[in-house]
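In what follows, a structure is listed as structure tokens, so that the remarks can point back to it.
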There are 2 protein chains.
Amino acid sequence: MVQVDRATSRGGMGYRAIADALRAEIDTGDLAPGSKVPSENELMSTYGVEQPTARRALEVLKNEGLIVARRGAGTFVREFRLYRRRSPARLAESGWNAGRSIWQTDDAKRPTSIDHIEIATVDAPDHVASVLGLQDGEKAVVRRRRYLVDDVPIQFATSYYPEPIVRGTQVAEKNTGDGGVYARLAELGCKPVDFREELRSRMPREAEAKLLDLAQGTPVILVVRTAYTAGGQAVEVNEMVLDSSSYILEYGFSSS
Amino acid sequence: MVQVDRATSRGGMGYRAIADALRAEIDTGDLAPGSKVPSENELMSTYGVEQPTARRALEVLKNEGLIVARRGAGTFVREFRLYRRRSPARLAESGWNAGRSIWQTDDAKRPTSIDHIEIATVDAPDHVASVLGLQDGEKAVVRRRRYLVDDVPIQFATSYYPEPIVRGTQVAEKNTGDGGVYARLAELGCKPVDFREELRSRMPREAEAKLLDLAQGTPVILVVRTAYTAGGQAVEVNEMVLDSSSYILEYGFSSS
DNA sequence: TAGTGGTCTAGACCACAGC
DNA sequence: CTGTGGTCTAGACCACTAC
């Protein structure tokens, strides 16, 4: 009796091979975005495997962010709709920058909104206190809010400001007035003029996935913006959590 | 006889609850980076579940990028070592930008190298040809290479240049000479002075995961840099694939 | 009600690391 | 050799969706 390598071939296909086959169909477009992927039952008969094995194949593609399952309905190839964020924002104007982009978006007319606004005065986390130069006992005003495009959440942001500077101003109120927080800071003699943004990407924590309604296999992009006055003082730290499946980030700069 | 909701509680814990418990231990530091996570056998007896269930719990954390399994050895809490990439590079010099960063790195003395260098003349992909303004039939010189830090691959980059411009120059050779490609382009009257970088993040394709030796649950960051001459002509498109677990990206800019 | 995805058991065997 | 992670079967039951 011939003994077949069970873990790898077993004469049939393993869940990896099934995942590869489906992924290939997605890549070539045979399975177009939005279309239905074969059900577990169909995979079982097509590839001659049991349900858990068929299931694991789909699990792989879910974790790669290629498909989404809807219980009772089926599993579908994922569709993406990207939103472009430019830093600095003036990049949106024409210039060498107006040329063709690698990825196309159509954000111009998509309705945007904000919800979940929360304002508080807190002891800032150590890393934030350090950047803002807060002394022992000095607090921070924190503003949290969620951004939506087409009523879909795509970003959650948490901004910190030195409490001694913004105490009693509109920075600590829901309505920050014309020009927003930066205009208020300017009136306080702390106009932000230099900016640094630090970025990372990783898989989301559970709370982040819930807040942004992320599908399995969707990383988040962490953007931390620090704003400095002309004097070099940091007056804002803004920690943003972005749904990576909804964003293209764009930066522009010139050599000296 | 009391009927317990089987899918959720069953009296014991589901794989999600087990994953939550382990994740909490990682978050609090009870399970420190590098330390060994309970084996499948231990989870089975601790939580009174079968092996596949214990296994699925670990699978969740793997897909979140929190742990890595080494067959025969065990499963371990992941350790990260971050490398900082600054754009523009001059940000490295002092100034308002020299202040404390949110994430700390120690790249200064880590040895970096390049391998897998490949150079070819090809028909550029449509989106690249469009950006470079290539006419029908005009080709592109493409340079591919992989970047390593501490002999660990962290980035794979593919650069395209208009073949009519760089034909027969060192841009199309392995050794690009002093100052690299940008110095050669300058000599050709095509000095890059303006830059745009577009970023995305997503889970890696299989080929990307292999090339960068990525652990499960590790997204990639896609960076596409387009370089323009003073005349506004695009002379380089550089598509980079970054291991998100190894990188912090930093951008700086000033208002007006 | 039928079909689809989601969870779990019970048990088997394979591949690999470390002692 | 033992223990660890990796793969698979066979069969059960639950929860949800669409008809």
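Sequence lines set the chain letters: A, B, ... in the order given, protein chains first and strands last, and positions in each chain run from 1.
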Can you check whether [X] has a side-chain N or O nearer than 4.0 Å to OP1 or OP2 of [N]?
X     : N     : value
B/N41 : D/dT4 : yes
B/R55 : D/dG5 : no
B/Y15 : C/dT7 : yes
B/T53 : C/dT7 : no

Whichever of B/V37 and A/E50 has its nearest DNA chain D nucleotide further upstream toward 5': B/V37
For the pair made of [atom1] in [X] and [atom2] in [N], what is the distance, rounded to whole Å?
X     : N     : atom1 : atom2 : result
A/E40 : C/dG6 : CD    : P     : 7 Å
A/F76 : C/dG3 : CZ    : P     : 16 Å
A/I18 : D/dT7 : CD1   : C1'   : 12 Å
B/R56 : C/dT7 : CZ    : P     : 7 Å
B/M44 : D/dG5 : CE    : C1'   : 13 Å
A/Q51 : C/dG3 : CD    : P     : 16 Å
A/E59 : D/dC8 : CD    : P     : 14 Å

Ring geometry between B/Y251 and A/Y251 (parallel below 30°, tilted from 30 to 60°, perpendicular above 60°):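 Ring orientation of A/Y251 relative to B/Y251: parallel.
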Closest nucleotide among C/dG11, D/dT9, C/dT4 to the A/P52 side chain: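 Between C/dG11, D/dT9, C/dT4, the one nearest the side chain of A/P52 would be D/dT9.
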Given C/dA12, D/dA12, C/dT9, the nucleotide with the shortest approach to the side chain of B/V49: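 Among C/dA12, D/dA12, C/dT9, the one nearest the side chain of B/V49 is C/dT9.
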Lys/Arg N to Asp/Glu carboxylate O, B/R225 vs B/E236, below 4.0 Å: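 A salt bridge is absent here (no side-chain N lies under 4.0 Å from a carboxylate O).
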B/R85 with B/E197: basic N within carboxylate O range, under 4.0 Å: yes
Polar side-chain atom of A/R78 near backbone of A/G65 as donor-acceptor pair, under 3.5 Å: yes
DNA chain D contacts made by residues 61-72 of chain A, counting heavy atoms under 4.0 Å: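 Contacts with DNA chain D under 4.0 Å: A/R71, A/G72.
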